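As C-alpha cells, the structure follows; a few thoughts come after it.
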Amino acid sequence: MITEQQKIGTGFGAHSTADDVLVGIDLTGTTALVTGGYSGLGLAATRALAGAGARVIVPARRTATAREAVRDVPGTEVLPLDLADLESVRIFAERLLDAGRTLDVVLANAGIMACPETRVGPGWEAHFAVNHLGHHALVNRLRPALAPGARVVAVASSGHFLSDIRWDDIHFRTGYDRWLAYAQSKTANALFAVHLDRLGAASGLHAFAVHPGSILTPLQRHVPREDWAGLGWVAADGRPTEGFKTPEQGAATAVWAATSPLLDGHGGAYCQDCDLAEPAATEDMLIGGVKPWARDPGAAARLWDLSAELTGTHAF
C-alpha cells in the first residue's frame, strides 16, 4: 500500500536540527552507514547519529579528507568507496559482509550537483551514475547486512521538480543539461525509495526519500559564485536567502526518517521538514512538496529493473 503524502504532525519543522529530532532516542548498539558522511549535510548527520550512540561507517572516495573531517567524532569509521565505480562498490560491500557487519541505517546521502558533462563506467552520465546507480548497487550488495527493521534513506531534492526520468535518453546522449541531469537523478532517488520499500517491507526493511531543504554546502562547488545571486541562493550582501537552512537543519529530515518511530507504517514516503511532504502545489522549489512522477510505483518498478540490469545487482 502506497503511503498517502500528507503531514502527520511530528512537532518538528524546517528549523529543527538533527540533534533536535534525536532527543530521547538512544542509538547505542546500532550501526549507520552514511555515504558522503564527511562533508556538508552528511557530516552533520554523522555527528548527530554518533552523538546519539550509533557507530557510523563513513564511506569515502577521499579517505584522508574524510578521516580528518570526522577525527573528533567518536564512534566513526572511514572506509574507501567510490560510488562511480561498481568494482569499488563490490569490494566495499564484500569487506563489510566478510566482517559480519550489521547495518541498522543506510543514509544514501552522497551526491554531485550541476557538474560539467562527465561520463563514468561504460559511458554513464555522472549524476545518474553516482547519485542513483551507485547507491542502488550498494544497497543491493549490502542486503545480507541489513538488520531486521533497518531503514534506508535516500537524500533526494526539490530539484526533482525539473525532470521526470528521461526514459528515451537517460544518459543525455543527445545533448547535456547539467540541471536536468541533476534533477533526473533526484527523481531517481525518490523512486528508488518507493520500490525498495515495496520489495523490503515483508522482511521489515523500509525506505524513505527526503528533501533536506535548501542549504549552501560543498555540493554547490560546480556552480560559479557569481551565479548564486541570480539563482536566488544569496542576497546582494552574499548571505543565504531567507528560507535556506544550516547544515544541521538540512540533515534533520534524513536523520528523522532514519530513526523516528513516527514513521512506522509510512514506508516509501517522501519527507520534508521532518514530516511527510505534501503533493507539490506550486513550482516553487523553496516551498517544496513532491511531484507525482517521483511517487509513481510503475515508474519506480521500471527504474529498479533498469538499474538492476545496468549494475548487475538485484538482491531483492
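FYI, side chains are in, hydrogens and waters are out, and symmetry mates aren't considered; it's all heavy atoms of this structure. Everything numeric here is computed off the predicted structure, so don't read it as measured data.
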Apply the test side-chain contact (heavy atoms from CB on, under 4.5 Å) to residues Ile165 and Arg302: give CA-CA distance (whole Å), side-chain angles for both, the deciding distance (0.1 Å), then the verdict.
CA-CA 10 Å; Ile165 302 298; Arg302 182 182 179 184; over 6 Å; no
The test is side-chain contact (heavy atoms from CB on, under 4.5 Å); show your working for Thr259 and Leu49 and say whether it passes.
CA-CA 9 Å; Thr259 61; Leu49 292 167; 4.2 Å; yes
Worked check of side-chain hydrogen bond (donor to acceptor under 3.5 Å, both in side chains) between Ser185 and Asn131:
CA-CA 6 Å; Ser185 74; Asn131 297 358; 2.9 Å; yes
Pair His127, Ile112 - check side-chain contact (heavy atoms from CB on, under 4.5 Å), show working.
CA-CA 6 Å; His127 291 88; Ile112 56 176; 3.9 Å; yes
Take Gln272 and Thr253 through the test side-chain contact (heavy atoms from CB on, under 4.5 Å) and record every step on the way to the result.
CA-CA 6 Å; Gln272 174 182 326; Thr253 303; 5.5 Å; no
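Under the rule for a salt bridge (Lys or Arg N to Asp or Glu O under 4.0 Å), the partners of Arg119 that lie at least two apart in sequence or sit in another chain are Glu117. Judged as a salt bridge (Lys or Arg N to Asp or Glu O under 4.0 Å), and not counting sequence neighbours, Arg143 has no contacts. For Asp305, the salt bridge (Lys or Arg N to Asp or Glu O under 4.0 Å) test picks out no residue, with sequence neighbours left out. Under the salt bridge (Lys or Arg N to Asp or Glu O under 4.0 Å) criterion, Arg47 pairs with Asp72, not counting sequence neighbours.
Classified by interplanar angle (parallel below 30°, tilted 30° to 60°, perpendicular above 60°), the ring pair His132/Phe128 is tilted. Using the six-membered ring where Trp is involved, His195 and Trp304 have ring planes that are tilted, between 30° and 60° apart.
The minimum heavy-atom distance between Gln249 and Ala14, with the atom names listed, is CB-O, 3.9 Å. Here the closest heavy-atom approach between residue Val194 and residue Gly268 is recorded as CG2-O, 3.9 Å. Across Pro80 and Arg95, no two heavy atoms sit closer than the pair CD-NH1, 3.6 Å. Here the closest heavy-atom approach between residue Ala156 and residue Ala190 is recorded as CB-N, 4.4 Å. Across all their heavy atoms, Ala44 and Pro247 have their closest contact at CB-O, 3.6 Å.
Note that the CG atom of Leu205 and the CG atom of Leu146 stand 6.0 Å from one another [nearest 0.5 Å]. Within the model, atoms CG of Leu96 and CD of Glu94 stand 10.5 Å from one another, a figure rounded to the nearest 0.5 Å. If you take OG1 on Thr10 and CG on Leu276, they are separated by 9.0 Å, rounding to the nearest 0.5 Å. Here CD of Gln5 is found 9.0 Å from CD of Glu278. Values are rounded to the nearest 0.5 Å. A distance of 12.5 Å separates OH of Tyr176 from CG of Asp169, quoted to the nearest 0.5 Å.
At a cut-off of 3.5 Å, with distance as the only test, a side-chain donor of Asp26 or Thr28 sits close to an acceptor on the other residue.
Leu103 is listed as a side-chain neighbour of Ile57, based on a closest heavy-atom distance under 4.5 Å. Looking at Val78 and Tyr38, their side chains never come closer than 4.5 Å, going by heavy atoms from C-beta outward. Between Thr35 and His135, some side-chain heavy-atom pair lies under the 4.5 Å cut-off. Put simply, the side chain of Phe161 does not reach to within 4.5 Å of the side chain of Asp284, judged on heavy atoms. Between Asp168 and Thr174, the closest side-chain pair of non-hydrogen atoms is not below 4.5 Å. The side-chain heavy atoms of Thr63 and Arg67, taken from C-beta on, include a pair separated by under 4.5 Å. Taking the side chain as every heavy atom from C-beta outward, Val155 and Asn189 never approach each other to under 4.5 Å. Between Val56 and Val70 there is no side-chain heavy-atom pair separated by less than 4.5 Å.
Applying the side-chain hydrogen bond (donor to acceptor under 3.5 Å, both in side chains) test to pairs two or more places apart or on separate chains, those with a residue in residues 97-116 are Glu77-Arg101. The list of ring-ring contact (aromatic ring centres under 6.0 Å, His included) pairs with a residue in residues 261-286, not counting sequence neighbours, reads His160-Tyr270.
Of the possible donor and acceptor atoms, one in the side chain of Arg151 sits under 3.5 Å from a partner among the backbone N and O of Ala257. Side chain of His171 to backbone of Glu125: a donor-acceptor contact under 3.5 angstrom is found. Asn140 places a side-chain N or O within donor-acceptor distance of the main-chain N or O of His136, the cut-off being under 3.5 Å. Of the possible polar contacts, none joining the Ser158 side chain to the Gly288 backbone as a donor-acceptor pair under 3.5 Å is found. Between the Thr311 side chain and the Ser307 main chain, a donor and an acceptor come within less than 3.5 Å of each other. Between the side chain of Arg141 and the backbone N or O of Thr313 there is no donor-acceptor pair closer than 3.5 Å.
Other residues, nucleotides and ligands contribute more than 12 heavy atoms inside 6.0 Å of the CG atom of Asp264. Crowding of Arg173 atom CZ: a count of heavy atoms from other residues, nucleotides or ligands under 6.0 Å exceeding 12.
Taking 4.0 Å as the cut-off between side-chain N and carboxylate O, Arg295 and Glu4 do not count as a salt-bridged pair.
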